[in-house]
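None of the values given here were measured: they were computed from a predicted structure.
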Amino acid sequence: MTSIFQTAMGAEFQRLHPALRRRFSVGLAGGEACTGRGVMDRIWHGPAFVKPFLALGATRNILVPRPGRNVPFVIENVPYRDTFGRETVSFVRTFHLPGRARRFDAQMVLGPRGDRVLDYLGTHQHLATDLHFRAEPDGSLLIRSGAHRFREGPVDVRVPELIGATAEVRESYDETTGRFRVRVRVVNQWFGPLFGYEGSFTASYTDVRAHGVRPGLRPVREEARA
């Protein structure tokens, strides 16, 4: 029983901390969903000119338009089959900022060759990027994004480096506290750090076959192109 993440990482998956191996074993074969609940110590933004782009992305649940500290946080990793029959795992993050919760949605599928994970961003999956997973020597997980593509109708174009960005996610498990720690940085090659967050959470697991996929978790539109 292998998840899309284990398939993409191959033997390297076994180098992850056991708690991370379970978290990234979420999938249809195992029948488990994972919910993480915790606090983001900090959500930060880069220069002021970034704010309009973050606000635009927030209309499709991409990134988070407001900074904050000690923000309650939930991440829902639920496996399901999309309308094209592909096994998909949701990465829906909800940040309970003062006044209004904000979501950052992503849905992940295995690439057609089985050697990568494809990350669709937002409610309409207009942005997609390859993700590269690597186990670090301490058992933590490093995820780096590749080039982004914009897809809508017949349009399928690479996002120029000038306005694009690279995301780096580091996730680890702290045995002392029993919590997962996560740090995310989104960086533009020319303008530097644009957005990020860091914090910790605990995880619980449920039988997805018994509970299903809650309404509103899946995207409004799904993209077939890998």
Side-chain angles (χ1 to χ4, degrees), residues 1-36 75-93 104-121 125 127-149 151 158 164-175 178-187 198 200-209 213 218-219 222-226:
M1 296 190 299
T2 58
S3 68
I4 63 173
F5 311 106
Q6 185 172 358
T7 299
M9 291 183 70
E12 192 168 359
F13 187 81
Q14 300 304 319
R15 293 173 49 206
L16 295 174
H17 187 281
L20 284 169
R21 288 205 301 268
R22 184 179 184 189
R23 212 175 100 63
F24 285 88
S25 291
V26 164
L28 292 174
E32 280 193 329
C34 176
T35 302
I75 181 167
E76 298 171 89
N77 302 122
V78 181
Y80 62 90
R81 290 205 181 276
D82 69 7
T83 55
F84 306 106
R86 300 172 300 183
E87 179 173 357
T88 305
V89 179
S90 69
F91 272 70
V92 172
R93 292 145 284 205
F104 181 6
D105 293 6
Q107 314 290 333
M108 299 189 187
V109 304
L110 190 64
R113 294 187 297 275
D115 60 349
R116 60 189 172 97
V117 171
L118 184 63
D119 191 21
Y120 293 108
L121 300 178
Q125 297 191 346
L127 287 175
T129 185
D130 289 344
L131 295 181
H132 307 283
F133 288 67
R134 188 178 79 196
E136 297 288 83
D138 63 355
S140 62
L141 176 65
L142 174 64
I143 308 172
R144 284 198 175 102
S145 68
H148 285 78
R149 300 195 68 83
R151 289 163 170 160
R158 180 170 174 166
T166 299
E168 181 178 279
V169 180
R170 292 183 181 270
E171 190 166 321
S172 61
Y173 185 74
D174 186 338
E175 293 185 348
R179 298 175 72 84
F180 293 88
R181 293 208 60 86
V182 61
R183 184 179 69 189
V184 174
R185 286 170 53 87
V186 179
V187 178
E198 54 190 84
S200 65
F201 60 92
T202 58
S204 60
Y205 299 87
T206 56
D207 185 342
V208 72
R209 290 164 292 200
V213 182
R218 294 178 61 154
E222 292 178 338
E223 173 60 59
R225 287 166 285 192

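Every pair passing salt bridge (charged side-chain N to carboxylate O under 4.0 Å, His left out) that includes a residue from residues 19-35 is listed here, sequence neighbours excluded: Arg22-Glu32, Arg23-Glu171. Among residues at least two apart or in separate chains, salt bridge (charged side-chain N to carboxylate O under 4.0 Å, His left out) pairs with a member in residues 7-18 are Glu12-Arg15.
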Might you work through the side-chain contact (heavy atoms from CB on, under 4.5 Å) test for Gln14 and Met9, ending with a clear yes or no?
CA-CA 9 Å; Gln14 300 304 319; Met9 291 183 70; over 6 Å; no
Could you walk me through whether Asp105 and Tyr120 pass the side-chain contact (heavy atoms from CB on, under 4.5 Å) test, one step at a time?
CA-CA 8 Å; Asp105 293 6; Tyr120 293 108; over 6 Å; no
Please test Leu110 against Arg86 for side-chain contact (heavy atoms from CB on, under 4.5 Å), starting from the C-alpha separation and ending with a verdict.
CA-CA 8 Å; Leu110 190 64; Arg86 300 172 300 183; over 6 Å; no
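For Glu222, the salt bridge (Lys or Arg N to Asp or Glu O under 4.0 Å) partners at least two apart in sequence or on another chain are Arg218. Remark: Ser145 engages Thr129, Leu131, His148, Thr166, Ala167 in a side chain to side chain contact (heavy atoms under 4.5 Å, CB included) (not counting sequence neighbours). Among residues two or more places apart in sequence or in another chain, the ring-ring contact (aromatic ring centres under 6.0 Å, His included) test is passed with Phe24 by Phe5. By the side-chain hydrogen bond (donor to acceptor under 3.5 Å, both in side chains) test, Asp207 pairs with Arg209, sequence neighbours left out.
Two residues are said to be in side-chain contact when any heavy atoms from C-beta on lie closer than 4.5 Å; Asp82 and Gln107 fail this criterion. The shortest distance between side-chain heavy atoms of Tyr173 and Pro18 does not fall below 4.5 Å. At a threshold of 4.5 Å between non-hydrogen side-chain atoms, the residues Val182 and Val169 count as touching. When side chains are defined from C-beta on, Ile75 does not count as touching Thr35, because their heavy atoms never get closer than 4.5 Å.
Here CG of Asp138 is found 10.0 Å from NE2 of His17. Values are rounded to the nearest 0.5 Å.
Judged by distance alone, with hydrogens and angles left aside, the side-chain atoms of Arg151 form a donor-acceptor pair with the main-chain N or O of Arg225 at under 3.5 Å. The closest donor-acceptor contact from the side chain of Arg116 to the backbone of Gly111 lies at 3.5 Å or more, if one exists at all.
Across Arg134, Arg185, Arg144, a single residue satisfies salt bridge (charged side-chain N to carboxylate O under 4.0 Å, His left out) together with Glu168, and that is Arg144. Among the candidates Leu20, Thr202, Asp174, the single residue satisfying the side chain to side chain contact (heavy atoms under 4.5 Å, CB included) test with Phe180 is Leu20.
Counting all heavy atoms, side chain and backbone alike, Ser140 lies closest to Leu16 at O-CD2, 3.6 Å. Nearest heavy atoms, Tyr205 versus Ala19: OH-O, 4.2 Å.
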